[in-house]
Every structure is written in structure tokens, then in C-alpha cells.
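See structure below.
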Amino acid sequence: MKTRLIHTALFTAATVIMTACDDKPATPNSSGTTDTVTQQQPVQAPEQVPHKPEDVLAAVETQLTAYPWLSSALTSMETEIGADGSTLLTAKVRLTVKEDLYRSENAPAAFNEERKAMNACANRAMQPNSLYLLQVGAPTDAITDEDKAARPLPENLQQLANELKDLAESSVYAVSLQAGTGYDVTATMKVNETANGKEYTEVSVQIENLPRVDIGVPAGALPEGSALMTPDFEDTRKQEIRSKIEAFEAAAAPYIKSREEEARAKWTEYNAAKAEADRKTAEEATAAAAEKEQWINHCVNTIATGKKFSGEWVRDTQFGKFTLEIGEQHKYEDSLQFIGRLYDTELPDASMDVHGRCEFTKGEDGTCKVSITIYDGYYQEDKPTTEVYTSNDGIMQLKFNAKGNMSGTMLRTAWRNQPEKAFNVSFSAPEQ
């Protein structure tokens, strides 16, 4: 049995049948007593309480908690009695989107295209100092590695650039579902009669045709200041970007000018420093040349023909005196070569022929190197120096200083790994 409760209500009238005792005579029964017809009591049909639409909708909405942005309205309902005597209710419900839903999207590519108008100005502000130096006439050899590095934007320009980037690239919200969009769904449930009224259980709603629950965010739930893709939004945002670019260019103009002035000042300072360095280098070169010439003259004039250097040799506890006499000398570009003799100061006849070379290059200690080779001659056999004089590899390795003194060792080349056999020798500058 089905009944549409929205449009009709069933009412049952009670019929009362009464039989008066005096209308019908008693009828004798077989036992001789009289049967009396008893009066029939009236039967009252139970009153059917209608279903309240708000109660039915409340039951339906328990299944739609994932869709807070939908409102519901009951369009029709009907009931039927099931085989077990329970009441089943079927409701048709209209669901409507309360307000526009939005989803986050990337900004339109047109915004970044608009932003490109700032690139030329930003590039001039950030370009390496080398480009500004070339503009003011600086040669490439005046440009350092530091000059070739891009210059970061100053804080005020960087802030404007960041704002432009945000305008061009920040997400926007586009309508994903318009307010007023409606969906018809069917809901079924079981109705139980309780002491407190009707109870709706086993509620089921057919939501297959509803949109995804994450289709968007209601307009009222969007973050404050969200960019909404309304019909005039794109033009408004493009105008914002143009205005921000104008502000960037106005702020960058004095900075770019200062970069050019900075490069010009650096080039001027570079020229002045280079001129000073060149002058200093020339002065140092002149001074070095004069010093070298002076040193060469000192070597030539001290180790000169006829000059005698008084010397001493020492080895362990042994010592003695000898003299180095310079004979012929020959000056070359980087050295002075000479021949002479080395003899015992107290016995001039004990004399050895020598050949020497004095280098003009002065070391860090302020001395230059003098090498002497000892040849055959006459010597005293009872002297320790005989070990050198009688050999074919006797040498002296000396240093010549600014005072004209020489000092070093006398040895044989065969003793290079036996330094303890070497003689320590020193010669005083000859008298002028």
C-alpha cells in the first residue's frame, strides 16, 4: 500500500453499531435460558501523523556533511509499507550551490609577458661593472674579475622587483562552480515510530551525480585579499603590473646613473694609479739599474788587478794565513773573471795558480757568489792545505759582500759528501 503524504492524508471514520436490548427480544437457547445480543464497541483507526519536511531533510543532510556549500530543499516524498510492516520513505531533494566555488590556478601567462617590459631596465641596473667601464673607454686589461660579476639590485629595487614577480606569478582563483547550480538526488530511509516521534534510520543518498567534494573553496572561505578571476580582473592586474614597472624604472634611473658615474670615477682612479705605478716602476728600475751598476763597479774595483786579499784558513784546531792576489781580470755582462795566485802569507814562494769568477747578481743576503779553481803550484808539504793543493779538484766557494770581504770554504769536489774535511776561509778587503 503506497500513500503520497505531501498531497493527501488518509483519515478513517469510526462506525458505531449499537443494538438496544429492548429492540431485540431474548432468544431462548436449548437450555431454556435466554441469550442476549451484546452491544458491539466502536473501533478507532490509528491517526496517521504526517512526516515533517525539516525532519526528512535533517536525515538527508547527515549524509552530505562533505558538501557544506550545498543547501537542500525537499521536492517530494512518498512512503510504502514493507513486507515486514516497516515504513520506507523515498524523498526527492534539490541541492543548490550556496555561493561561487573557486580553485587555485597559475597566473595567466599574459601577466609574465607584461612583466618583461622591466627586463631592459633591470638588466642595466644589474649588469657587471665591466660593461660600464667599457662604456667610459676603459681597456679590457683594466677590468678585473670582480668587475665581471653581476651587481645585485639594491634593496629598494629588489623589493619592487619582488612585488612585480608576485603580481605576475602568484596564484589566482577561478570559479570552479557557480552559485545557484542545482542537483536532484534521491534519498531513501526507514521510518520508525518511537515514543518521542518518528525516527529516520538507514538513510542512503544517491550522490553519484554530485561534483567532487574538493572541486573548490567557497568564496567566503578564501584567504583575505585573494585574487579572483573576475571578468575585469586580468585587465586590472595588467595595469597594476604596468604601474609597478613605471615605479621600478623611476627608482632605477638614478641608480643606473650612479653606476655610470662610479665606472667613470673608477676609470679615472685607475688611470691615476697606473700613471703613479708606472712612474714608481720607472723610478725603481732606474734605482735598481743604478744600484746594479754601483755593485758591478764595486766588484770590478775591488777584485782588480794587483789587489791582494789577506786571508785565514781554519779546520778543526788547525789554521794558517794565506793571501789571494788578483792578476788579470776580464769583465763580462753578468760576471767578472780573473786569474791570480794563492800563496802562504809568510812564505810567498809557496804559491798556487787560481782562476776565479765573480757573479754580479746580488742575493737576498746582499752578497754575490765567487768561485775559485786551484791549479798546480808550489806548496808546503807540512801544511794541511796540501790535501787540496796536490789534488786536481781543489776549489773555493766564497761570498763577496759590500765591504769587499770574502768568506766560504776551500775543499775538493771529492769531499762534497764529507763536509767535515773542508777548510773555512775568509779574506779581508784589500787596502785601497
Side-chain angles (χ1 to χ4, degrees), residues 66-71 95-135 147-183 207-260 262-263:
Y67 298 88
W69 34 268
L70 289 175
S71 63
L95 301 177
T96 305
V97 178
K98 299 177 185 178
E99 56 183 329
D100 288 343
L101 300 183
Y102 289 86
R103 64 172 174 270
S104 178
E105 294 182 350
N106 292 331
F111 293 168
N112 252 325
E113 287 298 318
E114 199 74 40
R115 185 169 70 114
K116 288 181 180 179
M118 72 163 282
N119 288 343
C121 181
N123 291 343
R124 287 197 301 275
M126 295 183 66
Q127 71 183 11
N129 206 40
S130 57
L131 296 180
Y132 287 106
L133 286 170
L134 292 174
Q135 286 177 10
D147 292 328
K148 296 175 183 178
R151 184 78 65 89
L153 291 175
E155 185 176 352
N156 65 319
L157 293 183
Q158 187 61 59
Q159 181 178 348
L160 289 171
N162 291 342
E163 292 172 2
L164 268 167
K165 179 180 174 66
D166 184 63
L167 284 175
E169 296 183 356
S170 61
S171 299
V172 297
Y173 287 92
V175 174
S176 58
L177 195 58
Q178 289 185 330
T181 303
Y183 303 92
I207 61 173
E208 291 80 3
N209 295 329
L210 293 183
R212 301 190 318 272
V213 294
D214 60 349
I215 193 171
V217 179
L222 291 175
E224 185 176 356
S226 298
L228 306 183
M229 283 295 290
T230 57
D232 60 345
F233 171 78
E234 187 165 341
D235 289 338
T236 302
R237 176 55 59 90
K238 286 181 179 179
Q239 185 56 49
E240 286 184 69
I241 292 173
R242 294 187 198 109
S243 299
K244 192 70 71 174
I245 290 174
E246 290 175 3
F248 180 88
E249 291 175 343
Y255 176 70
I256 292 173
K257 184 178 179 180
S258 72
R259 292 285 312 277
E260 294 173 349
E262 177 189 342

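Checked by atom type and distance alone, the side chain of E99 pairs as donor or acceptor with a backbone atom of G220 at under 3.5 Å. No side-chain donor-acceptor contact under 3.5 Å links S171 to the backbone of N106. One N or O on the side chain of T236 and one on the backbone of D232 form a donor-acceptor pair closer than 3.5 Å. Of the possible donor and acceptor atoms, one in the side chain of R259 sits under 3.5 Å from a partner among the backbone N and O of A125. A donor-acceptor pair is defined here as one N or O able to donate and one able to accept, closer than 3.5 Å; no such pair exists between the side chain of R237 and the backbone of F111. For S176 (side chain) and I215 (main-chain N/O), a donor-acceptor pair under 3.5 Å exists by modelled atom type.
A 4.5 Å side-chain heavy-atom check between L222 and Y102 finds at least one atom pair inside the cut-off. Here the side chains of Q159 and E163 are in contact, with some heavy-atom distance below 4.5 Å. With a 4.5 Å cut-off on side-chain heavy atoms, L70 and K98 do not count as touching. V217 is not listed as a side-chain neighbour of L101, based on a closest heavy-atom distance of 4.5 Å or more.
Taking every heavy atom of both residues into account, F248 and L157 meet most closely at CE1-O, 3.5 Å. Smallest separation of non-hydrogen atoms from V213 and A66: CG1-CB, 3.7 Å. E249 approaches A117 most closely through the heavy-atom pair OE2-O, 3.8 Å. For the residue pair L153 and A161, the shortest heavy atom distance occurs at CD1-CB, 4.2 Å. Here the shortest heavy-atom pairing between N156 and A251 reads ND2-CB, 4.3 Å. Nearest heavy atom pair, residue N112 against residue A168, reads OD1-CB, 3.7 Å.
Summarising the geometry, atom CZ belonging to R115 is positioned 10.0 Å from atom CG belonging to D166; distances are rounded to the nearest 0.5 Å. With rounding to the nearest 0.5 angstrom, the CD atom of Q127 is 4.0 Å from the OH atom of Y132. I245 contributes atom CD1, which lies 10.0 Å from atom SG of C121 (distance to the nearest 0.5 angstrom).
Every residue two or more places apart in sequence or in another chain that forms a salt bridge (Lys or Arg N to Asp or Glu O under 4.0 Å) with E234 is listed here: K238. Under the rule for a side chain to side chain contact (heavy atoms under 4.5 Å, CB included), the partners of A174 that lie at least two apart in sequence or sit in another chain are E105, M229. Every residue two or more places apart in sequence or in another chain was checked for a salt bridge (Lys or Arg N to Asp or Glu O under 4.0 Å) with R124, and none qualifies. Every residue two or more places apart in sequence or in another chain that forms a side chain to side chain contact (heavy atoms under 4.5 Å, CB included) with T181 is listed here: V97, L177, Q178, Y183. Legend: residues meeting side chain to side chain donor-acceptor pair (under 3.5 Å) with D214, ordered by chain and number and at least two apart, are R212. Under the ring-ring contact (aromatic ring centres under 6.0 Å, His included) criterion, Y67 pairs with W69, not counting sequence neighbours. Residues that satisfy the side chain to side chain contact (heavy atoms under 4.5 Å, CB included) test with N119, not counting sequence neighbours, are K116, N123. Residues satisfying the salt bridge (Lys or Arg N to Asp or Glu O under 4.0 Å) test with D147, not counting sequence neighbours, are K266. Taking the side chain to side chain contact (heavy atoms under 4.5 Å, CB included) definition, one finds that E246 meets it with nothing, sequence neighbours left out. Not counting sequence neighbours, the partners of E262 by the side chain to side chain donor-acceptor pair (under 3.5 Å) test are R151. Scored by the side chain to side chain donor-acceptor pair (under 3.5 Å) test, K165 finds E169 as partners (sequence neighbours excluded). Qualifying side chain to side chain donor-acceptor pair (under 3.5 Å) partners for R242, counting only residues two or more places apart in sequence or in other chains: E114, Q239.
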- Please lay out, stage by stage, how F233 and V172 fare under the test side chain to side chain contact (heavy atoms under 4.5 Å, CB included). CA-CA 10 Å; F233 171 78; V172 297; 3.8 Å; yes
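The pair E260-K257 does not count as a salt bridge, with every side-chain nitrogen at least 4.0 angstrom from each carboxylate oxygen.
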